[in-house]
Amino acid sequence: MVSTLEVTLVDGTIHEIAAGVSAGEVIRDAYGRGAVAAILNDQPVDLSTPIEESCTLDQILLESDEGVEILRHSCAHLLAQAVTELYPDAKPTIGPAIEHGFYYDFHMEPLGEEDLKAIEKKMQYFVKQNLKIEREEHTSATLAEMFADNSFKSEIISDKLEDGDASTIYRQGDFFDLCRGPHAPSTSYLRNFKLTSTSQAFWRADSSRESLVRIYGMCYANKQDLKARETLLREAALRDHRKLGKDLQLFHIDEMVGQGLILWTPRGSVVRQELQNFIGEHLRRQGYSQVFTPHIGKLDLYRTSGHFPYYQESQYPPLVERDLMAKLADDDCSCSELANMMGEGDIDGYLLKPMNCPHHIRLFASQPRSYRDLPLRLAEFGTVYRWEQSGEISGMTRVRGFTQDDAHLFVTEDQIAEEVLGCIELVQVIFGTLGMDDYRVRVGLRDPDSDKYVGESEQWEKAEAACRQAAASLGVDFIEEEGEAAFYGPKIDFVVKDVLGREWQLGTVQVDYNLPERFELEYTGGDGEKHRPVVIHRAPFGSMERFVGVLIEHFAGKFPTWLAPTQVHIITISEKHKEYAAKVASELKMIGARVEVDDSDNTIGKKIRTHRKMQPAYMVILGDDEADNDTVSIRNRKGDQVQGIPLDNFMANLSAEIETRNAEQNLVPPQE
RNA sequence: GCCACUGUGGCUUAGCGGUAUAGCACCUCAUUGGUAAUGAGGAGGUCGCGUGUUCAAUUCACGCCAGUGGCUCCA
């Protein structure tokens, strides 16, 4: 007599089944096809799992987030199967699902692009075979035996499993892998995948351990999703600020000048200058004082601040005076001796500044300060230099020299909350004006296990509390992340994504009790006693380079009128209109517009096509009709056009659009 | 810094052991054209840099520089 079990589905219906019937069968009867796995008593399991007791059951749809994640994990196994078949010496290590796909790390000889194609082909072959993916349970002893030839898997087994514990493997064809599952039922579920790239990784992300070959792939539930992702990546490539920066002549990076060093072209400099003017207006309103400080400072300054001892590897090496250098050379001083003497302060030198705060702090300390002077807000577009690893440098977003829209606010403890809020409001005004609403707020805290921070615990706690409180008062979601603090204090960061989904920290506000302590800053309070101020560091753009890089992608090179490197391109119909074009150009320049004239003898279609590439806010076309009536014909970037607009009218509207920093272009009504 | 890949006139690109394609851009001439390419002609390159192999290197090898995708790092 076969016993009968009750299976309760999420919709509340109860199915009576015989013991040993698989979860998949019950689900298929109840919901039809479309599941990739099941949830049995709140545990994700394979569809093939036999039901032995009464239970609750739900399906994981192939098209759901959880379903696709399982698919991606199974696809990682498929990759490992293909790799081990083609390269019998390759040792699989780990292979998880990630956003959009999966990767798998192998201990093997490095692969090239050709190899990737061959692996992909082999994977497709296994997909066609439609191999069953089957779960097997084994004791740790058996598992240790099965994976004896793979030291990585052995390490996992001995680390994660107690003696006598059982765990599972998944088998497809001749291939099997240690894995908890669940997995898709068979390889034919995995057909919508594509291998994307290879890279080096380290076993357990530890660079002192074995170097591994990582293979990345993407995988989706259906063909449309895969195609959509491919299309998105192609479109993203078109918005890439490195490509647009070249096409639109916004910046140049020169081999001869150096890696990660941005040369701003005239057109790019316009964008930067407009942004700086914009922020300058807000600084004046908020009571900031503008300062200028040099690009270098003595090593001792940075020993005091902590920059030199704590972050030596990410700075350019110190500059040493010529006479001292000559003397050291005469004394046969070795490089390591020199480094030691610098580290210990036996000789001094200068550092390219990695941050602006020490200079600003010395400005604060240059005079006796009273509580009446606070808050003292010192602002500077200060250029700083950091030795980023060569492989990490990229376009404008990761560079070695960059200009921060920096400021340091010297405040009393009572003023922290209000001043932090003022900083955050500034960031929000800027992001709002530019239509950047897709950002997240991150409160960066200490990593409790790291010793890279300066200062006392007590001060950190106060500062972290201040940041939390400020973030909470924002009214937007924020997350706290350990290990994301600056070395002198916690911070509130505004993080945006670029077109490829990579995150960049832009605006930042940091509360710092430590540097005032290290520099022994003081002010006289209302009580006549000496008190220590708190420093708030803030940079709403972060760096001009990174911000403009992200902005190029945000606008796809189509800057709003106030930011556009050239705002109006004037195009003549024929030679007869040169004179009128010159007149219009000079009047537009009188109101401060950035204008270019094309009175060449190319055809009108040709000229429009050419100028479109440079993305002016508007093109103005001038012919007989316009010259005779003092009007203009205007064309926007979308190709909408309007004719017979009186020149005065156009100028007034253009001025207004620029002055209000309108993110939209409104001078041409949209066409049907 | 590490791994893989890439580097040909301003841009996109063909080619490959015998100093090199084509398109766009540029210049000249003709054309005076109303909203996404008028026609003809011309000029422009020590094929990233260096060393080696070879009778001969842009092509092969090695080293360096720079870029791309990742890894690691990121005050």
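A note on names: the letters A, B, ... follow the listed sequences, proteins ahead of strands, and every chain is numbered from 1.
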Open item on the list: Considering every strand and a 4.0 Å limit on heavy-atom distances, what is the contact class for A:Asp625: base, sugar-phosphate, or nothing?
Closed with: base

Task: Earlier contact from the 5' end, RNA chain B, for A:Ala485 and A:Thr196 - done: A:Thr196

TODO: Answer yes if the side chains of A:Arg518 and A:Ser305 hold a donor-acceptor pair under 3.5 Å, and no otherwise.
DONE: no

Open item on the list: So A:Tyr103, base contact, sugar-phosphate only, or nothing? Heavy-atom distance under 4.0 Å.
Closed with: nothing

Task: Contact summary for A:Arg446 and A:Ser457, nearest pair of heavy atoms - done: NH1-OG, 3.4 Å

Task: Pairing residues for A:Lys576 by the salt bridge (charged side-chain N to carboxylate O under 4.0 Å, His left out) criterion, not counting sequence neighbours - done: A:Asp624

TODO: Would you kindly compare A:Lys613 and A:Ala201 by the position of their nearest RNA chain B nucleotide and give the one closer to the 5′ end?
DONE: A:Lys613

TODO: Taking only the side-chain nitrogens and oxygens of A:Arg214, find out if one of them lies under 4.0 Å from OP1 or OP2 of B:G69.
DONE: no

- [ ] Would you classify A:Ile393 as touching base, sugar-phosphate or nothing, given that sugar-phosphate means primed atoms plus P, OP1 and OP2, and contacts are heavy atoms under 4.0 Å?
- [x] sugar-phosphate

TODO: Whole angstrom is fine here: how far is it from CE in A:Met396 over to P in B:G67?
DONE: 14 Å

- [ ] Check every strand shown and say whether A:Lys491 touches a base, only sugar-phosphate, or nothing at a heavy-atom separation below 4.0 Å.
- [x] sugar-phosphate

TODO: Compute the ring centroids of A:Phe106 and A:Tyr104, then answer whether they are less than 6.0 Å apart.
DONE: yes

Taking N or O atoms only and anything under 3.5 Å, show me the protein contacts with nucleotides 2-5 of chain B, one pair per line.
residue	atom	partner	partner atom	Å
B:C2	O2'	A:Gln200	OE1	2.9
B:C2	O2'	A:Gln200	NE2	2.3
B:C2	O2	A:Gln200	OE1	2.6
B:A4	O2'	A:Leu111	O	3.4
B:C5	O2'	A:Glu113	OE2	3.1

Task: Dot-bracket encoding of pairs in RNA chain B, which uses [ ] for pseudoknotted crossings and | for another strand, Watson-Crick or G-U under 3.5 angstrom - done: (((((((..(((.....[...))).(((((.......))))).....(((((..]....))))))))))))....

Open item on the list: Pair A:Asp630, A:Lys583 - check salt bridge (Lys or Arg N to Asp or Glu O under 4.0 Å), show working.
Closed with: CA-CA 10 Å; A:Asp630 256 342; A:Lys583 174 187 169 221; 2.7 Å; yes

TODO: Check every atom of B:G70, B:G33, B:U72 against the side chain of A:Gln389 and return the nucleotide holding the closest atom.
DONE: B:U72

Task: Short side-chain N/O contact to B:G67 OP1/OP2 from A:Gln259, under 4.0 Å - done: yes

Task: Selection from B:G1, B:U68, B:A75 that lies nearest to any side-chain heavy atom of A:Ser394 - done: B:U68

- [ ] Classify the nucleic acid contact of A:Gln404 as base, sugar-phosphate or nothing, counting any heavy atom under 4.0 Å across all strands shown.
- [x] nothing

- [ ] Using the side chain to side chain donor-acceptor pair (under 3.5 Å) rule, take A:Gln249 and A:Thr265 through it: C-alpha gap first, then chi angles, then the decisive distance, then the call.
- [x] CA-CA 7 Å; A:Gln249 295 166 26; A:Thr265 58; over 6 Å; no

Task: Minimum-distance pair of heavy atoms, taken over all atoms of A:Ser211 and A:His107 - done: O-ND1, 3.6 Å

Task: Of A:Tyr453, A:Phe308, A:Tyr311, the residue whose pairing with A:Phe487 passes ring-ring contact (aromatic ring centres under 6.0 Å, His included) - done: A:Tyr311

Please write out the pairs of protein N or O atoms and N or O atoms of nucleotides 26-32 of chain B separated by less than 3.5 Å, giving the distance to one decimal.
residue	atom	partner	partner atom	Å
B:U31	O4	A:Asp601	OD2	2.1
B:U32	O2	A:Ser574	OG	3.4
B:U32	O2	A:Glu575	N	2.9
B:U32	O4	A:Glu575	OE1	3.3
B:U32	O4	A:Glu575	OE2	3.1

Open item on the list: Closest approach to the side chain of A:Gln315, judged atom by atom: which nucleotide of B:A36, B:A75, B:C73 is it?
Closed with: B:A75

- [ ] In sequence, state the C-alpha distance, the side-chain angles, and the governing distance for A:Gln510 and A:Tyr488, and then conclude on side chain to side chain donor-acceptor pair (under 3.5 Å).
- [x] CA-CA 9 Å; A:Gln510 313 173 354; A:Tyr488 47 75; 2.4 Å; yes

Pick out the pairs of N or O atoms, protein on one side and nucleotides 39-50 of chain B on the other, that lie under 3.5 Å.
none

- [ ] Give, ordered by number, those residues of residues 354-361 of chain A having at least one heavy-atom distance below 4.0 Å to an atom of RNA chain B; if nothing qualifies, reply none.
- [x] A:Pro354, A:Met355

- [ ] Have a look at A:Ile608 and say if it touches a base, only the backbone sugar-phosphate, or nothing, with a 4.0 Å heavy-atom cut-off.
- [x] base

TODO: Select base, sugar-phosphate, or nothing to describe what A:Asp247 touches, counting heavy atoms under 4.0 Å on all strands.
DONE: nothing

Open item on the list: Any donor-acceptor pair under 3.5 Å linking the side-chain atoms of A:Gln643 with those of A:Asp625?
Closed with: no

Task: Short side-chain N/O contact from A:Arg242 to OP1 or OP2 of B:G69, under 4.0 Å - done: yes

Task: Of the listed nucleotides B:A37, B:C74, B:U35, the one nearest the side chain of A:Arg609 - done: B:A37

- [ ] Check whether any side-chain N or O of A:Glu120 sits under 3.5 Å from a backbone N or O of A:Leu195 as a donor-acceptor pair, and report yes or no.
- [x] yes

Open item on the list: On the nucleotide B:C74, are OP1 or OP2 found under 4.0 Å from the side-chain N or O atoms that A:Tyr311 carries?
Closed with: no

